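Input: a single structure, listed below in structure tokens.
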There are 2 protein chains.
Amino acid sequence: MTQRADARRNQQALLDAAAEVFVRSGVDAPVRDIAATAGVGMGTIYRHFPTRAELIIAVYRHQVEACAEAGPRLLAADPPLVALGRWIDLFADFLVTKHGLAGLMQSDDFRPLHEYFLDRLVPVCTSLLDAAAAAGEIQGDLTAYELMRGVGNLCIGSDDRYDARRLVRLLVSGLAAPRPASP
Amino acid sequence: MTQRADARRNQQALLDAAAEVFVRSGVDAPVRDIAATAGVGMGTIYRHFPTRAELIIAVYRHQVEACAEAGPRLLAADPPLVALGRWIDLFADFLVTKHGLAGLMQSDDFRPLHEYFLDRLVPVCTSLLDAAAAAGEIQGDLTAYELMRGVGNLCIGSDDRYDARRLVRLLVSGLAAPRPASP
DNA sequence: TGCTAAACGGAACATTGCTCCGTATCGTTA
DNA sequence: TAACGATACGGAGCAATGTTCCGTTTAGCA
């Protein structure tokens, strides 16, 4: 046995509580709130998730995996640029619904979070980008890393007056036509 | 007289100190640091600048004004889309060099900051956008508000591997060609 | 049932934002 | 120039939050 039963139970309770509190108060909700919602003490949360980044990663791991796995599927079903657009939409949908997640990424304190997301998704994005480039559907030499970060940034603070998804689509348009001022 | 001499002196000292500390530690530097650098007490900083947003606005007011005033000048000197591109570059340069400024904007606590920037710059951007649309150089109905926010977001966390300016240029490209999948 | 190691809980400390009030200083007026 | 009132100052103190530490509890095993 690698973990005691109560430890396993508490870890799951923390994941559930964090998911709930993140929706209610954003991913920067007070640690005490999460612990209280899970019905555990302060020590327990830090024992299971020493940093906030680790907790966030654990909470969203499934969704990130799902997004990553969708990439090849989309690429098989559609022309590369369409697939890229659809996949980026998927990623944007994920971020837009997580208030404050994208905003947190910029902070140096959350490097592990940043790294997990990018390590998992950049390769997928690269394959989509490469396919589109090979098909001659996009120009320019933008890296998948930059595209992911750009899309991530655009998704910050989406609301009534700022439709992040629209900006993301515009950015992808730019990929297909990178020279604005020349005919 | 509207303000005592020591008050005037301290206000200027605070502006100088804030500018210095913002460069050293970002715009979210501890209030105590700024007060200490200025050589004043906690009370004084809050008396002159009740909220952080007001302090930040005061520190950067000149630069925002300069950017706003550059708009019409650029529009007079170049074709609309070129002028728009140059002006956006100016704006991006301003943000990229202010570590954390763009990141702060998203927070609800800094609404006044957000509002000041947008109230001052959106009209300028609108005139550039309208001119470009009138000249048939761009399509789509993106608002200046959305464009400014998009550019602001893209400028978060620029570093070695993420060239925010490049993403901004790409976004502007998208403005000129909003339909990626059609020839 | 009793033992040990794992896990727990929450008090305590550090940091930071912000307020409040006794004190000091400025500018004016006699 | 001396005294006075209004203005401004300083920093202690409170509240919120992150993080650590250790005495206590409990699960699993013999």
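Because the structure is predicted, anything quoted here is derived from the model rather than measured. Lettering of chains follows the sequences in order, A, B, ..., and the numbering in each one begins at 1.
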**Report entry** Remaining members of the apolar cluster that contains A:I156, side-chain heavy atoms under 4.5 Å
**Finding:** B:I156
Report summary line: Between B:R9 and B:P50, whichever has its closest DNA chain C nucleotide further toward 5' is B:P50
Query raised in the report: What's the closest nucleotide to the B:Y46 side chain, out of C:dC26, D:dG18, C:dG17?
Result: C:dG17
Query raised in the report: Remaining members of A:V23's ILVMFWY cluster at a side-chain heavy-atom cut-off under 4.5 Å?
Result: none
Report task. Can you tell me the distance, in whole Å, between the CD atom of A:E54 and the P atom of D:dT19? Result -> 12 Å
Query raised in the report: How many Å lie between CG on A:D109 and C1' on D:dT17, as a whole number?
Result: 14 Å
Query raised in the report: So, the side chain of A:E146 versus the backbone of B:D163: is there a donor-acceptor pair under 3.5 Å, distance only?
Result: yes
Requested in this report: Using side-chain hydrogen bond (donor to acceptor under 3.5 Å, both in side chains) as the criterion, list what pairs up with A:H48, not counting sequence neighbours.
Outcome: A:Q11
Report task. Just grab all the side chain to side chain donor-acceptor pair (under 3.5 Å) pairs involving residues 78-94 of chain A, residues at least two apart or on different chains. Result -> A:D78-A:R86, A:D93-A:R165
Requested in this report: Please identify each residue that fulfils ring pair (Phe, Tyr, Trp, His ring centres under 6.0 Å) with B:Y60, with sequence neighbours left out.
Outcome: B:F94
Query raised in the report: Which residues pass the salt bridge (charged side-chain N to carboxylate O under 4.0 Å, His left out) test with A:D108, sequence neighbours left out?
Result: A:R111
Mind listing the N/O atom pairs, protein and nucleotides 6-9 of chain C, below 3.5 Å?
{"from": "C:dA6", "atom 1": "N3", "to": "A:R4", "atom 2": "NH1", "distance (Å)": "2.5"}
{"from": "C:dA7", "atom 1": "OP1", "to": "A:R4", "atom 2": "N", "distance (Å)": "3.4"}
{"from": "C:dC8", "atom 1": "OP1", "to": "A:N10", "atom 2": "ND2", "distance (Å)": "2.4"}
{"from": "C:dC8", "atom 1": "OP2", "to": "A:R47", "atom 2": "NH1", "distance (Å)": "2.9"}
{"from": "C:dC8", "atom 1": "OP2", "to": "A:H48", "atom 2": "NE2", "distance (Å)": "3.4"}
{"from": "C:dG9", "atom 1": "OP2", "to": "A:G41", "atom 2": "N", "distance (Å)": "3.0"}
{"from": "C:dG9", "atom 1": "OP2", "to": "A:T44", "atom 2": "OG1", "distance (Å)": "2.8"}
{"from": "C:dG9", "atom 1": "O6", "to": "A:R47", "atom 2": "NH2", "distance (Å)": "3.3"}

Requested in this report: May I have the distance from A:I45 (atom CD1) to D:dT20 (atom P), rounded to whole angstrom?
Outcome: 13 Å
Query raised in the report: What parts of residues 25-35 of chain B reach DNA chain C, counting only heavy atoms under 4.0 Å away?
Result: B:A29, B:P30, B:V31, B:R32
Requested in this report: Name all residues meeting the side chain to side chain contact (heavy atoms under 4.5 Å, CB included) criterion together with A:A19; count only those two or more places apart in sequence or in a different chain, and write none if there are none.
Outcome: A:V59
Query - Integer-rounded Å distance: C:dT16 P and B:R52 CZ - result: 11 Å
